[in-house]
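Shown next, in structure tokens, is the structure this report addresses.
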There are 2 protein chains.
Amino acid sequence: MGDVARLAGVSPATVARVLYEPEKVALARRQKVQAAIEATGYRPNVVARGLRTSRTWKIGLIIVDGRLNPYFVNLSQAIRLAAMAEGYTALTFQYGSANEPVADAVQQLILNRVDAVIFSYALRPEDIAPLTAANIPVVQVEQEAIAGTDAVMCDPAPGIRAAIAHLTALGHQRIAFMGGDPAAYARPRVHGTTMEEERLAAFRSAVRDLGADSDPSLEVLGRYFTLSGLDPSKEGRAMMQRILDMDQPPTAILASSDMLAAGILQVLNAAGKSVPGDFSVIGYDDSISSLLAPPVTSIGRPLQQIAKTTLDLAIAAITDADHRPMRRVFDTSLTVRASTAAPKS
Amino acid sequence: MGDVARLAGVSPATVARVLYEPEKVALARRQKVQAAIEATGYRPNVVARGLRTSRTWKIGLIIVDGRLNPYFVNLSQAIRLAAMAEGYTALTFQYGSANEPVADAVQQLILNRVDAVIFSYALRPEDIAPLTAANIPVVQVEQEAIAGTDAVMCDPAPGIRAAIAHLTALGHQRIAFMGGDPAAYARPRVHGTTMEEERLAAFRSAVRDLGADSDPSLEVLGRYFTLSGLDPSKEGRAMMQRILDMDQPPTAILASSDMLAAGILQVLNAAGKSVPGDFSVIGYDDSISSLLAPPVTSIGRPLQQIAKTTLDLAIAAITDADHRPMRRVFDTSLTVRASTAAPKS
DNA sequence: CTGAAAGCGCTTACAG
DNA sequence: CTGAAAGCGCTTACAG
């Protein structure tokens, strides 16, 4: 910066002004400074600026490890790109596998003086205190572990209803739901329901409204993945095995993640059964569904909008001292692929 | 820091000394300062330290977008964790999809004064100049686009030889290679060969040595993925279609990525063919191979070692002014799963 | 419209 | 062993 100032024959203050409020600098001088910036290739030191203004233009992102579910790769990528579009750089920490405690990630982000922290399925209430103490705003994505904090949510109901409607229109009567057990995921919550409860409730009401079988034995509940071993299709395989062992098995299965659907396909492949011939399968997340054989019909979310909104809320919280926490809800929707067809009659 | 100093009745300089060279502070004082640090929960501001010491403890990582190939999620995760273990925070930029030019990422990393930049399949020779000018060392992973720069490489030959040996032991004679076309990937190189050439050469020599058919028509070459559309199994589907159309099709296929293998399984599934009944399939990367149906035999790399070595080299380059660029090479290896069996006779 | 000066929170060479 | 002082590279309130 000193070089630029010297070259242009002005003070460093004027260089800064050309950078941030050029209209306040007389034209002749401004042009001289701009020429000097060009000539030297000068770009302000982000670290120094961060120290001076106590805005680092960094946001922290704490999100589930993408190796456990590639959906989180898509989400974190979308958030990172939305952040870049607004001039922010993302500092990402993965949560879920490895022994990388969320508390440590929070500490790191505080030390790095990030302007805001975005959590996706990773916020534990006890992590809020240090962030609040450091005056760092928080946005929750698809999670409401804390009241009074911005939250960007996804409503599973539209996608699940579309999935059940798709299956009943094909002629399916016995449709199984494979998903997270609400009892196993007693997540902290502020709205009285967890995601697992919401998805299960959406399934139940869609099945009831659309005339498919309402049979509790068709609700196959468990975990999405085991944290150890990085064998993310294991849970789906185990749950599909339970379905194959049923007295009155379903003809279609709605799984609560694409990873579960992958496990389903593996068990059916090993058992010599075909999809959609013997079973129709629908996934959730629209992550690896298009890579499976056959490509799997799946419920997806509007990722770009979620990411954009998340950033808008974070920026509002950063820049507006009077910002009131908001809650935004997006709809899920169904993408039909080759894993669903009419049942054998 | 001022608070701590006041509370302990010492100067800020002494607080800093307790933090960085405690043995130089008299015991009584040191304990007083440590107590004050405890009491206030003080942690040094990383931004200020970065400005003062011109070491930010950040490393930049520019790597292929994990949505194009999940292997890069595994690799970047491994590097990020290795960095954390050494006290570094990673600033990650994805390369390949979206319009996120590498040059911009490089600029961002320079502005952020990262201590080093790690490239995986993303280094273009023209990006080196600004980094060199900013005195930021570079490590190349699985890529040697530039001479005189640290490089951590993977030798495809051991894994490919193991794959072919596995197939010939099962009785396969006609084995196809599906991979990147060396002509399509005229990557910058310093060692005379590109990765595509190395893999193809490894295939050819393994096939020759192990007595399988050496038939140029069994080399099905193309691209790993299309950058547009985020349909990463598309290329594999197209190449598999070419194999199905052959007069003398192979009985086994070695694909150069798990994404290609996914496309293979999709085409065979749609054609009513079975794996490994009709075709044995081997993938590469050991990324989603364990999620496919059937789980796919795949060639993998020692990720933890690669990540650790990458960081060791980066740190050496950061801390040691006399550091001489090094080249480290790791072996690939085969993980056998359910997609390979004896051919139909 | 412009510059001199202060200060963000640290670290470290220097003097004692 | 310890403190006062300088300085990393910026931004901005203040005075003119």
Side-chain angles (χ1 to χ4, degrees), chain A residues 1-34 36-37 40-58 87 89 110-115 133-136 318-319, chain B residues 1-34 36-37 40-58 87 89 107-115 133-136 319:
Chain A
M1 189 165 195
D3 293 348
V4 174
R6 220 166 299 124
L7 191 61
V10 300
S11 73
T14 299
V15 176
R17 266 181 217 111
V18 170
L19 250 30
Y20 303 112
E21 21 183 37
E23 70 286 355
K24 292 200 182 165
V25 178
L27 187 63
R29 242 166 237 264
R30 193 196 312 166
Q31 287 172 338
K32 224 183 254 171
V33 171
Q34 270 154 351
I37 288 174
T40 55
Y42 168 78
R43 306 280 249 105
N45 180 326
V46 173
V47 179
R49 185 197 303 190
L51 180 60
R52 176 60 229 249
T53 61
S54 64
R55 277 198 64 184
T56 56
W57 292 90
K58 292 203 172 35
T89 302
I110 293 174
L111 295 189
N112 279 289
R113 299 297 194 270
V114 295
D115 293 336
N135 204 24
I136 297 174
I318 293 166
T319 54
Chain B
M1 191 166 196
D3 294 349
V4 174
R6 221 166 300 123
L7 191 61
V10 299
S11 75
T14 299
V15 176
R17 266 182 219 110
V18 170
L19 252 28
Y20 303 111
E21 20 183 37
E23 70 286 356
K24 293 201 181 165
V25 178
L27 187 64
R29 241 166 238 261
R30 193 196 312 165
Q31 287 172 338
K32 225 184 250 171
V33 171
Q34 270 155 350
I37 289 174
T40 54
Y42 168 78
R43 306 280 250 104
N45 181 328
V46 172
V47 179
R49 182 195 307 188
L51 180 60
R52 177 58 230 251
T53 62
S54 65
R55 277 199 61 184
T56 56
W57 292 89
K58 292 200 172 38
T89 303
Q107 274 308 322
Q108 278 297 328
L109 293 174
I110 292 173
L111 295 189
N112 280 289
R113 300 295 194 270
V114 295
D115 292 336
N135 203 24
I136 297 173
T319 54

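Lettering of chains follows the sequences in order, A, B, ..., and the numbering in each one begins at 1.
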Which nucleotide sits closest to the side chain of B:A48: C:dG9, C:dA4, D:dT2?
C:dG9
May I have the step-by-step check of side chain to side chain contact (heavy atoms under 4.5 Å, CB included) for A:T14 and A:V25, ending in yes or no?
CA-CA 7 Å; A:T14 299; A:V25 178; 4.2 Å; yes
Between A:V47 and B:G50, what is the shortest heavy-atom contact and its length?
CG1-C, 4.1 Å
What contact category does B:A26 fall into here, base, sugar-phosphate, or nothing, at under 4.0 angstrom with non-hydrogen atoms?
sugar-phosphate
Expressed in angstrom and rounded to an integer, what is the separation of B:M1 atom CE from D:dG3 atom P?
12 Å
Whole-Å distance between C:dT2 C1' and A:K32 NZ?
13 Å
Rounded to whole Å, CG of B:L111 lies from P of D:dC8 at a distance of 19 Å
For D:dA15, the nucleotide meeting Watson-Crick or G-U wobble distances (both under 3.5 Å) is C:dT2
N/O (side chain, A:T14) to phosphate O (OP1/OP2, C:dG3) under 4.0 Å:
yes
Between C:dC8 (P) and B:D3 (CG): distance, integer Å:
12 Å
What is the distance, to the nearest angstrom, from the CZ atom on A:R49 to the P atom on C:dC8?
19 Å
Can you tell me if A:R30 touches the phosphate of C:dT2, counting only side-chain N or O atoms and a distance under 4.0 Å to OP1 or OP2?
no
Does the D:dG9 base have a donor-acceptor partner in the side chain of B:R113 within less than 3.5 Å?
no
When you compare D:dA5 with D:dC1, how far apart are their P atoms, in angstrom units rounded to a whole number?
23 Å
Step-by-step side chain to side chain contact (heavy atoms under 4.5 Å, CB included) determination, A:N45 to A:M1:
CA-CA 9 Å; A:N45 180 326; A:M1 189 165 195; over 6 Å; no
Does B:R17 or B:L51 map to a spot on DNA chain D nearer the 5' end, using the closest nucleotide for each?
B:R17
Between B:E23 and A:A16, the residue closer to the 5' end of DNA chain D by nearest nucleotide is B:E23
Return the nearest nucleotide to the side chain of B:A13; candidates are D:dG3, C:dA4, D:dG9.
D:dG3
Using the P atom in both, what is the distance from D:dA6 to D:dT2, to the nearest Å?
22 Å
Quickly work out the A:L19 CG to D:dT12 P distance and round it to whole Å.
11 Å
Euclidean distance, atom CD of residue B:E21 to atom P of D:dC1 [Å, nearest integer]
11 Å
On DNA chain C, nearest-nucleotide positions of A:V25 versus B:T53: which is more 5'?
A:V25
Just to confirm, is there a sub-4.0 Å distance from OP1 or OP2 of D:dC10 to any side-chain nitrogen or oxygen of A:R43?
no
If we only count heavy atoms from C-beta on, is the A:V10 to A:R29 side-chain gap below 4.5 Å?
yes
Go through the steps for A:N112 and A:T56 under the test side chain to side chain contact (heavy atoms under 4.5 Å, CB included), then give the verdict.
CA-CA 8 Å; A:N112 279 289; A:T56 56; over 6 Å; no
Note, B:R6 side chain near B:D3 side chain (heavy atom, < 4.5 Å):
yes
Rounded to whole Å, NZ of A:K24 lies from P of C:dG3 at a distance of 15 Å
